[in-house]
Chemist: 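Quick one: this structure, given as structure tokens, is what I'll be asking you about.
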Amino acid sequence: MIILAIETSCDDTGISLVKATGGFKRPQFKVLSHNLSSQTQIHEKWGGVVPALAKREHGRNLVPLLTKTLKEGGLRQVTTPQNSPADTKKIRKILEREPELLELFNKVIPTLKTPKLDAIAVTKGPGLEPALWVGINFARALSLVWRKPLIPVNHLEGHLCAGLVKEKDKDKRAKPKNPPLNFPALALIVSGGHTELVLTHGWLKYKQIGGTRDDAIGEAFDKVARILELPYPGGPQISKLAKETKNRKENPISLPRPMINSPDFDFSFSGLKTAVLYLVQKLKAENKLDKETKSFIAADFQQACLDVLLAKTQKALIKFKPRTVIVGGGVIANRELRQQLTRMITRNFPTVSLVIPELGYTTDNATMIAAAGYLQSLSKKKLKVAPKLRAQGQMPLK
Ligand code: KG4
Ligand code: ZN
């Protein structure tokens, strides 16, 4: 089936067109088009995402991004504008809180022929509610005019499915060929809002075994970057700075590894961030915070996070004996984490396979939402056209 997916849970507007086949046993995804509109420049000067600005930008980006995506996916056909008066009224109601989006919608959508797609998937949560609402309302309005079923998707399930999409699938001739995924699987989600260890005995059924008690790992990277006066988003900046210490003398910084030996599968990153803050304040007062010291702090902070993640993942591997480890979320863009996790699994658990998203699908995007939407569509639930949907800021995987 062909799925149009929409993602607006945070500060990136994502729209993708994906052809999905294979069923639960061997899901395969061919990316017909994948588009992202980043708002980093807008939020950068505030040092973090401003929900009201994110909402406004999604409203501006969605319609142009949709036409671009349909065009690149070969599904954009223009027609003479036709409007059903009944739909116009309903659409005004659905988009009443997004006047700018409503205007763009009414200008552009009636000029497009109903594209040949089978369903629309949209992120329902978790995320920033004002941002989520824009994507949901847009998806509902499209679902209504095109009479296509709408699939609500959990953003976290999207991150877990990101590893099923292969960059080479972008090649229109290549046949996707994911090997069958063996369950039970252990899933590790590392993003700006989540740090979770989840067990699954099959797609759509999840049991959380551990999570963060305070800050999420990506959030900690972003906050520590701010303490070190690095630009937003901090994750990539920390890893860049940390890399500068490679092949240098031993790192003189030694930060705590919170909860590394605790008997559970939980995490805590807030104390680690505070340890960095106190250290930086002390070094500043002593006039000792030079560039090299900053890079050593970045490197040890990064390694502290990785040590805890790897220790807890390893403990879960020993206890639950999964056959596969699935990772997802923006922080898996971190090359050190990718390498160290891969090394730990191949060395210590050689029979366990690792599903890791390619770099282009690690941070928020709509292709992963299409993949999760496909799996959801295979469940017995009946899909509806323009169903009532609410954004859900907090939304556990279950
Ligand atoms: O999954 P994502 O795009 O958004 C959420 O669902 O939260 O993750 C964004 C997070 C940000 O905190 C960002 O700093 C972090 O992922 N991140 C990284 C790297 N690239 C992105 N963290 C560490 N190293 C990176 N290379
Ligand atoms: Zn995300």
Side-chain angles (χ1 to χ4, degrees), residues 5-14 16 36-40 43-44 47-49 51 54 122-129 131-132 135 153-163 187-196 211-212 215-228 230-244 267 269-270 272-273 298-306 308-309 326-341 356-369 371-372 392-397:
I6 298 163
E7 153 67 38
T8 64
S9 70
C10 193
D11 60 339
D12 286 317
T13 319
S16 293
L36 269 180
S37 171
S38 167
Q39 303 176 6
T40 303
H43 300 284
E44 204 174 16
V49 180
V122 68
T123 308
K124 174 172 160 57
L128 301 172
E129 286 195 4
L132 288 163
V153 173
N154 183 312
H155 181 82
L156 300 179
E157 192 168 43
H159 275 306
L160 293 189
C161 292
L188 172 68
I189 302 170
V190 280
S191 71
H194 293 84
T195 319
E196 290 187 16
T212 182
D215 292 353
I217 182 163
E219 190 182 352
F221 267 81
D222 295 338
K223 286 179 175 169
V224 165
R226 242 158 101 173
I227 296 169
L228 294 174
L230 301 169
Y232 174 84
Q237 302 289 334
I238 296 263
S239 72
K240 210 168 113 197
L241 195 57
K243 213 169 152 207
E244 290 179 13
F267 303 92
F269 294 103
S270 154
L272 178 58
K273 166 203 70 192
D300 196 58
F301 164 75
Q302 175 174 279
Q303 195 53 50
C305 292
L306 268 51
V308 186
L309 278 183
I326 308 170
V327 232
V331 182
I332 199 62
N334 185 290
R335 286 179 195 270
E336 271 304 312
L337 176 57
R338 296 173 82 85
Q339 281 169 11
Q340 293 186 30
L341 184 67
I356 194 162
E358 289 173 5
L359 280 174
Y361 301 115
T362 52
T363 49
D364 293 347
N365 66 86
T367 297
M368 70 184 199
I369 301 302
Q392 222 177 309
Q394 307 280 334
M395 187 177 174
L397 258 182

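Side-chain atoms are counted along with the backbone in the values below, which use heavy atoms only and exclude waters and symmetry mates. Each residue takes its place number in the sequence, starting with 1. Order of listing sets the numbers, starting from 1, for every ligand and every atom in it.
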Chemist: Which residue supplies the protein heavy atom nearest to atom 3 (O) of ligand 1, what is that atom called, and how far is it?
Modeler: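 For atom 3 (O) of ligand 1, the nearest protein heavy atom is D364 N, 3.0 Å.
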
Chemist: Is it true that a side-chain atom of E129 and a backbone atom of G393 form a donor plus acceptor pair closer than 3.5 Å?
Modeler: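 Such a contact is found between E129 side chain and G393 backbone.
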
Chemist: If you consider just the N/O/S atoms, which atom of D364 is the closest one to the Zn ion (ligand 2)?
Modeler: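 The Zn ion (ligand 2) is closest to the D364 atom OD1, counting only N, O or S.
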
Chemist: At what distance is the nearest protein heavy atom to atom 15 (C) of ligand 1, and which residue and atom is it?
Modeler: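 Minimum-distance protein heavy atom for atom 15 (C) of ligand 1 reads V331 CG2, 3.9 Å.
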
Chemist: List the steps, then state whether side chain to side chain donor-acceptor pair (under 3.5 Å) holds for Q340 with Q303.
Modeler: CA-CA 10 Å; Q340 293 186 30; Q303 195 53 50; 2.9 Å; yes

Chemist: Is H155 close enough to touch ligand 1? Criterion: a residue heavy atom under 4.0 Å from a ligand atom.
Modeler: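 Yes, H155 has heavy atoms under 4.0 Å from ligand 1.
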
Chemist: For R338, look at atom CZ and say whether over 12 heavy atoms of other residues, nucleotides or ligands are found less than 6.0 Å away.
Modeler: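 Atom CZ in R338 is packed in, count exceeds 12.
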
Chemist: Considering only non-hydrogen protein atoms, determine which one is nearest to atom 10 (C) of ligand 1 and report residue, atom name and distance to 0.1 Å.
Modeler: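 Answer for atom 10 (C) of ligand 1: G192 N, 3.5 Å.
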
Chemist: Does only the side chain of Q302 get under 4.0 Å from ligand 1, or the backbone, or both, or neither? Count heavy atoms.
Modeler: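 Neither; nothing of Q302 gets under 4.0 Å from ligand 1.
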
Chemist: Below 4.0 Å from ligand 1: does a non-hydrogen atom of P236 turn up there or not?
Modeler: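 It does; at least one heavy atom falls under 4.0 Å.
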
Chemist: Could you check atom 17 (N) of ligand 1 against the protein and tell me its nearest heavy-atom contact, residue, atom and distance included?
Modeler: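 Protein heavy atom with the smallest distance to atom 17 (N) of ligand 1: G330 O, 3.6 Å.
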
Chemist: For atom 14 (O) of ligand 1, grab the closest protein heavy atom and report residue, atom and distance to one decimal in Å.
Modeler: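 Protein heavy atom at minimum distance: D222 OD1, 2.7 Å.
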
Chemist: Below 3.5 Å, N or O to N or O, backbone or side chain included: is there any such pair between H159 and ligand 1?
Modeler: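 Between H159 and ligand 1, an N or O pair is found under 3.5 Å apart.
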
Chemist: Check for me whether R335 has a heavy atom closer than 4.0 Å to any atom of ligand 1.
Modeler: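 R335: no contact with ligand 1 (<4.0 Å).
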
Chemist: Verify whether the ring centers belonging to F221 and F269 lie closer than 6.0 Å.
Modeler: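 They do not qualify: ring centres at least 6.0 Å apart.
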
Chemist: Closest non-hydrogen protein atom to atom 18 (C) of ligand 1, residue and atom name please, with distance?
Modeler: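 Here the closest protein heavy atom is G235 CA, 3.5 Å.
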
Chemist: Return yes when at least one N/O/S atom of H194 is nearer than 2.8 Å to the Zn ion (ligand 2), and no when none is.
Modeler: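 Not a single backbone or side-chain N, O or S atom of H194 is under 2.8 Å from the Zn ion (ligand 2).
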
Chemist: Below 2.8 Å, any N, O or S contact between H155 and the Zn ion (ligand 2)?
Modeler: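 It does; at least one qualifying atom falls short of 2.8 Å.
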
Chemist: Measuring from atom CD1 of I332 to atom CD1 of I217, what distance do you get when rounded to the nearest 0.5 angstrom?
Modeler: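 These two atoms lie 9.0 Å from each other.
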
